[in-house]
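These notes concern the structure reproduced below.
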2 protein chains.
Amino acid sequence: MPQRVCRRHGKDYPCTCAMGNLYRFVEPVVLLLLKQKGHSYGYDLSGELQAHALTDAEIERAALYRTLRHLEANGNVVSEWETDKGGPARRVYRLTAQGERHLEEWAAVLDHVSKSMARFVRQARSSRRRRTVRAAAAG
Amino acid sequence: MPQRVCRRHGKDYPCTCAMGNLYRFVEPVVLLLLKQKGHSYGYDLSGELQAHALTDAEIERAALYRTLRHLEANGNVVSEWETDKGGPARRVYRLTAQGERHLEEWAAVLDHVSKSMARFVRQARSSRRRRTVRAAAAG
DNA sequence: TATGGATAGATGCAGGATACATCTAAAAGA
DNA sequence: TCTTTTAGATGTATCCTGCATCTATCCATA
């Protein structure tokens with residue numbers, strides 16, 4: 001039983017949402033999406049965030065918009081208003097060269113973290129399996 | 001060039017420390033260490049945290065002590081003072097049955113996140129490789 | 001024409017987690 | 001006696017998330 005029950009995934013599935021306030025890795029996901037799409041804007045990205053998210057927790061639009069402005073403030077993306085497509089004006093972002101490098105840094109970091117997590121899972125499950133073996137021998 | 005330079009790993013290695021304020025996953029690492037060791041106390045655990053950490057950022061002792069008290073408040077560990085070993089008194093922790101289940105939940109969550117990150121890394125690097133192919137064809 | 005829905009961007013605030021500094025205290029060693 | 005090691009803990013600022021809320025434009029339709 002998770003520490004907190006998640007409304008999206010229910011109480012039987014131990015999801016990220018139920019483990020407390022974890023980092024959602026919004027920045028790297030946004031960088032990758034912009035790389036793949038060439039250019040895009042917040043509302044459009046928000047529709048694809050879930051498919052690319054690193055956790056099964058939802059990435060809020062509020063976090064997305066703030067991340068985009070933060071990336072721009074740090075020179076990883078640039079934006080311009082697009083007003084000729086109908087509907088409300090869109091702030092269209094694209095990666096800068098520095099943003100591409102920053103994405104590569106994220107890939108290096110997440111590659112390492114991914115392997116550490118896989119090792120963690122093996123160890124956590126192997127200690128459980130040892131106990132199961134003892135239980136089987138005792139039973 | 002990372003957004004922030006890390007003093008431990010230097011500026012050429014893109015480490016977690018330089019990517020801003022990330023989640024350090026202290027709780028699952030502490031749960032696993034307690035599972036493996038049977039019982040332990042904060043100062044002892046702090047020596048082994050780095051070897052088991054999921055990121056290359058240091059896990060501060062302040063975070064460790066707060067995490068232990070938090071785990072106890074939620075019934076995942078229990079503690080008792082140990083005063084017969086010489087030196088300052090130690091607060092010795094051990095997992096509860098609920099703590100073992102919580103570790104299994106963490107393993108399920110981190111298994112999923114690990115695979116998502118691995119997919120992220122493949123995608124980030126494959127889009128880079130596509131560009132390299134085009135560049136090679138143009139060159 | 002009015003009205004609601006979809007689109008689009010953004011802010012405010014509370015709470016969780018980290019970063020860094022600092023504190024207390026007992027025991028061991030020089 | 002003085003310093004270091006061991007051991008636990010707190011204070012504050014900042015970062016990130018969660019949730020609510022806000023403004024505004026355009027479009028369909030009643």
Side-chain angles (χ1 to χ4, degrees), chain A residues 3-8 15-30 40-49 53-74 77 79-93, chain B residues 3-8 15-30 40-49 53-74 77 79-93:
Chain A
Q3 298 296 296
R4 307 163 192 209
V5 172
C6 158
R7 283 170 297 172
R8 194 170 328 104
C15 56
T16 313
C17 330
M19 305 312 262
N21 244 22
L22 291 211
Y23 196 83
R24 301 303 183 206
F25 301 98
V26 184
E27 184 173 296
V29 173
V30 167
S40 186
Y41 55 97
Y43 194 82
D44 177 51
L45 291 171
S46 74
E48 307 186 40
L49 269 189
L54 301 187
T55 76
D56 45 14
E58 184 187 0
I59 295 181
E60 308 248 333
R61 278 224 305 277
L64 169 61
Y65 285 119
R66 274 194 261 248
T67 297
L68 283 167
R69 305 307 300 270
H70 177 76
L71 283 169
E72 183 164 35
N74 288 331
V77 302
S79 76
E80 49 189 18
W81 285 103
E82 181 182 84
T83 54
D84 58 343
K85 292 290 198 300
R90 307 163 172 175
R91 193 188 280 276
V92 175
Y93 292 88
Chain B
Q3 298 294 297
R4 307 164 191 206
V5 173
C6 159
R7 282 169 298 172
R8 194 170 328 104
C15 55
T16 312
C17 330
M19 305 313 262
N21 243 20
L22 291 212
Y23 195 83
R24 302 304 183 206
F25 301 98
V26 184
E27 183 173 295
V29 173
V30 168
S40 185
Y41 54 98
Y43 194 81
D44 178 50
L45 291 170
S46 75
E48 308 186 40
L49 269 189
L54 301 186
T55 75
D56 45 16
E58 186 187 1
I59 294 181
E60 309 247 336
R61 277 225 304 278
L64 169 62
Y65 284 120
R66 274 194 258 249
T67 297
L68 285 167
R69 305 308 301 270
H70 179 75
L71 283 170
E72 183 165 34
N74 288 329
V77 302
S79 75
E80 48 189 19
W81 286 102
E82 181 181 84
T83 54
D84 59 343
K85 293 288 197 301
R90 307 161 173 178
R91 193 189 282 274
V92 176
Y93 293 87

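Note on naming: letters A, B, ... go to the chains in the order of the sequence lines (proteins, then strands), and numbering restarts at 1 for each one. Fair warning: this is a prediction, and the values are worked out from it, not measured in the lab.
Among D:dA7, D:dT17, C:dA10, the nucleotide with an atom closest to any side-chain atom of A:R69 is C:dA10. The nucleotide whose nearest atom lies closest to any side-chain atom of B:P88 is, among C:dA27, D:dA9, C:dA10, C:dA27. Closest to the side chain of A:W81, out of D:dT17, C:dC20, C:dG9, is C:dG9. For B:R66, the listed nucleotide lying nearest its side chain is C:dC20; candidates were C:dC20, D:dT17, D:dC19.
Looking at every heavy atom in both residues, A:Y23 comes nearest to B:N21 through CE1-O, 3.4 Å. The two residues A:V29 and A:L54 have their closest heavy-atom pair at CG2-CG, 4.0 Å.
Judged by distance alone, with hydrogens and angles left aside, B:R24 brings no side-chain donor or acceptor close enough to the base of C:dG16 to form a pair under 3.5 Å.
Under 4.0 angstrom from either OP1 or OP2 of D:dG8 there lies no side-chain N or O belonging to B:R90. OP1 or OP2 of C:dA8 has at least one side-chain nitrogen or oxygen of A:Y41 nearer than 4.0 Å.
Base contact: A:A62 has a heavy atom under 4.0 Å from a base atom. Residue B:Y65 is classed as a base contact, given a heavy-atom separation below 4.0 Å to a base. Among the protein residues, B:Y43 comes within range of the nucleic acid bases, having at least one heavy atom under 4.0 Å from a base atom.
Taking the centre of each ring, A:Y41 and A:Y43 stay at or above the 6.0 Å mark.
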Intermediate values then yes/no, side-chain contact (heavy atoms from CB on, under 4.5 Å), A:L68 and A:L45
CA-CA 10 Å; A:L68 283 167; A:L45 291 171; 4.2 Å; yes

